Amino acid sequence: MPKLTINDQEIEVEAGTSILQAAEQLGIEIPRFCYHDRLSVPANCRMCLVELEGAPKLVASCAMAAGDNMIVRTDSEKVKKGRQGVMEMLLINHPLDCPICDQGGECDLQDQAVAYGYDRSRYAENKRAVKDKNLGPLIKTIMTRCINCTRCVRFGEEVAGVTELGQLNRGEDAEIGTFIEAAVTTEMSGNMIDICPVGALTSKPYAFTARPWELRKTESIDVHDGLGCNIRVDSRGSEVMRVLPRLNEEINEEWIDDRARFAYDGLKKNRIDTPYIRDSKTQKLHAVSWEEAFTYAADKLRTFKGSNMAAFVGDMCSTEEVIALKDLMAALGSDNLECRVDGEQFDINEKAGYLFNSTIAGIDEADAILLVGVNPRHEAAVLNARIRRNWLEKRMPVSVIGPEIDLTYPYYHAGTSIQDVVKMAKDHKGKVKAERPIMIIGSGVFAREDGAAVQAALRQAAIDLGCIKDDWNGYNVLHSAANRVGAMQVEFFSKEGFNPAQMGMVYLLNVDTPHVLESIHPQALVIYQGHHGDEGARRADIIFPGAAYTEKHGIYMNTEGRPQMAKKAVDAPGEAREDWRILRALSSYCNKALRYDDLFQIRERIVNEYPQFGLMEEVAVGSWGDFGSKGKLLEEDLKPRYENFYQTNVITRASSTMKACVAEFVKQEERVLEAAE
């Protein structure tokens, strides 16, 4: 391991560590524009120049590997003068539009110009101008600001797996652009905005709406998929202005997908902000007060026996409201509960049968991957980027059983049905050489009549393919719902099962899925509690306006079984309230008052019965047991959960930005396929 001296401080680092990285380990900051921790090193901005004893000139610290006995200075006059020269060159063509730039206040170029820039320019010639590029409905471009750091190009090629962007021409004519006139077709394009060190790439939906110092920043959890990506919600007053990623190496690193980043405008459209009751004569919904709604609902509930009532919880419910609804239904004498609102039939008595057992970070250790009935690019785009990185580093073999899809990395298409999984396991039993193979199964695989038999077959296949070892569990179920695992952990399901069509009263908590709505008896009383006037609200007889994920505190357990805390960023609109509070109030009107009155008491109730929710950020490990049941496997092709990445829940369906993405990307892809046929 090389030992070097930086600014009179000695440090020993691993072989291959750059001088810039070594300096950061000592807490010494070196300015940079092109260098990024998670991208390859181009060494083309030259802002990270340092003085190396014995070298004839300043060297780029990002590209120079640390060597034994090196003596480095990062703060000498020679270094400062070199950086000032680089900054002067960068600012030659940069426009003086900081007052109207959306990057203002968060701009690396501004920060470094304060430290190394001059107070006047010696450049008298005309500034260069570059034509703006159309990169789609999400990214706004002002390419004259671009300093050609190529971060966006490298992100597209190395992380997102798309090659639309590149550096064109040379010298003064060099510019970043698309080789053909086309939008950037990746589900993670918004991350290019984050890594752009200047204002060349900014958020098109956020343009000219706020300044960073005006915003209140709240740490939260993304609910648009099952990964539980860490996010920061920036708000002003009662409005969410933007959503940005937070660093979490175990889950999303520093990336989020475009659905998590840009769907926030759907939070203020098509909202339910007051209670409603359906008139029995006109069959129309009319607004009422909370008092009227609770009284009416309680009177109706008294007319039903517990065995004639059922409750469902949807994809974006936090654990607090799930447990509150469970307690309310128990008080009313009903145990007809279900959280698998997409029709999954798998056995959930063993945790290992429905968890992402290897953990998300465990993908980095994998040396072979089998994807079964899942499209991770649509169901968990950040997870797909992690798989791609592993493939780039190891050229790890990836196999797919299901439809042929574009995953941004090559794979072997091994079949389309569960029978192909069984055949693969039989053919390769005892022959798999991989030390850490993993199987990733889409939860939609179990949404069929033979779901339990499919689960048993996949369990055996995982064993035969070497995914299960004493120190390794590579059997992984990828859930698409934010807190589906949390709902299963608190046992929001009926062990004996029930038929929704035979229920006289059905309580829908944020449920808008066709599978549930189509199964309800036409004459049944439906109480809908949610935040958007989507399919569930249209079917409801009583509507309680709930709070969206940015408007309440909540615990969400991701697909690994990792509980995480989301914090309230803004108030809910109108008369809408936090969901667990609505259920607590309804229980009082039913004379079945729940035994908690505030958030701390309901969390204490959760942790007392389910201790894993008290271990924030720790994965709930499930021991490998027997799950599923033997039975006949249907001759059906496996299908991923989503065909349309941009519209998967009530928030994204209400979002104008997501609708624009559908028009730009999904419809365009459909037209290309039709033309090819």
Side-chain angles (χ1 to χ4, degrees), residues 220-229 231 251-252 256-257 259-260 263 266 311-323 325-326 337-346 348 351 353-356 360 373-376 378-383 440-447 451 455 476-493 508-517 529-532 534-536 546 548-549 552 554-564 566 579 613 620 639-653:
S220 190
I221 303 299
D222 174 46
V223 300
H224 292 90
D225 59 31
L227 294 186
C229 294
I231 60 173
I251 301 174
N252 59 298
I256 54 173
D257 62 46
R259 190 172 50 196
F312 295 85
V313 295
D315 291 354
M316 295 183 288
C317 296
S318 70
T319 307
E320 288 85 348
E321 58 238 36
V322 172
I323 207 72
L325 181 55
K326 179 183 178 182
L337 312 173
E338 189 55 80
C339 61
R340 297 165 293 182
V341 294
D342 299 303
E344 293 96 336
Q345 300 295 319
F346 58 91
I348 55 180
K351 290 181 183 179
Y354 60 80
L355 290 178
F356 203 96
I360 295 168
V374 63
N375 182 351
H378 285 176
E379 296 177 44
V382 176
L383 181 83
I440 301 177
I441 307 158
S443 59
V445 165
F446 308 107
Q455 190 181 20
N476 300 305
V477 177
L478 179 61
H479 292 276
S480 56
N483 196 38
R484 182 66 50 78
V485 170
M488 290 190 287
Q489 292 278 49
V490 299
E491 301 174 305
F492 198 94
F493 55 88
L508 303 178
L509 181 57
N510 281 310
V511 176
D512 295 89
T513 54
H515 175 79
V516 172
L517 297 174
Q529 181 176 326
H531 41 78
H532 278 74
D534 208 271
E535 298 300 325
Y549 74 103
K552 60 187 176 185
I555 298 172
Y556 296 88
M557 184 173 278
N558 74 351
T559 191
E560 305 169 290
R562 184 194 304 269
Q564 299 183 102
D579 292 288
F613 285 94
K639 296 179 180 178
R641 172 75 68 189
Y642 303 125
E643 294 294 333
N644 179 359
F645 167 79
Y646 297 100
Q647 292 182 319
T648 57
N649 55 51
V650 293
I651 297 175
T652 55
R653 286 194 288 271

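Remember, predicted model here, so these are calculated numbers, not experimental data.
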Do Tyr556 and Tyr549 have side-chain heavy atoms sitting under 4.5 Å apart? yes

Keeping the roles fixed (side chain from Gln529, backbone from Asp579), state whether a donor-acceptor pair exists under 3.5 Å. yes

Keeping Asn558 on the side-chain end and Arg562 on the backbone end, is there a donor-acceptor pair under 3.5 Å? yes

Within the structure provided, determine whether Glu338 and Phe312 are in side-chain contact (heavy-atom separation under 4.5 Å). yes

Are Arg340 and Gln345 packed together at the side-chain level, in the sense that at least one heavy-atom pair is separated by less than 4.5 angstrom? no

If every non-hydrogen atom of Thr652 is compared with every non-hydrogen atom of Ala263, which pair is closest and at what distance? CG2-CB, 3.9 Å

Using the test side chain to side chain donor-acceptor pair (under 3.5 Å), find all partners of Gln455 that sit at least two apart in sequence or belong to another chain. none

For the residue pair Glu491 and Lys326, establish whether any side-chain heavy-atom pair is separated by less than 4.5 Å. yes

Partner of Leu478 by side-chain contact (heavy atoms from CB on, under 4.5 Å), out of Ile441, Asn375, Leu227, Ile360: Leu227

Flag for Arg641-Ser443: side-chain donor and acceptor within less than 3.5 Å: yes

Whether His532 side chain and Asn649 backbone form a donor-acceptor pair below 3.5 Å: no

Checking Phe645 against His224 for the side chain to side chain contact (heavy atoms under 4.5 Å, CB included) test, could you report, in this order, the C-alpha distance in whole Å, the side-chain angles of both residues, the deciding distance, and whether it holds? CA-CA 10 Å; Phe645 167 79; His224 292 90; over 6 Å; no

Quick one: sort the His479 and Phe346 rings into parallel, tilted or perpendicular, breaks at 30° and 60°. tilted

Close side-chain approach of Val374 and Val445, heavy atoms under 4.5 Å: no

Do Arg484 and Glu344 sit within salt-bridge range, that is, some charged N less than 4.0 Å from a carboxylate O? yes

Side chains of Glu320 and Phe613: does their closest heavy-atom pair fall under 4.5 Å? no

Is Asp342 close to Asp315 at the side-chain level, that is, under 4.5 Å between some pair of heavy atoms? yes

Among all residues two or more places apart in sequence or in another chain, which pass the salt bridge (charged side-chain N to carboxylate O under 4.0 Å, His left out) test with Asp534? Arg653

The side chain to side chain donor-acceptor pair (under 3.5 Å) partners of Asn483 (sequence neighbours excluded) come to Thr319

Test item: Glu535 side-chain N/O and Leu517 main-chain N/O as donor-acceptor pair under 3.5 Å: no

Would you mind reporting whether Asp225 and Glu379 have side-chain heavy atoms less than 4.5 Å apart? no

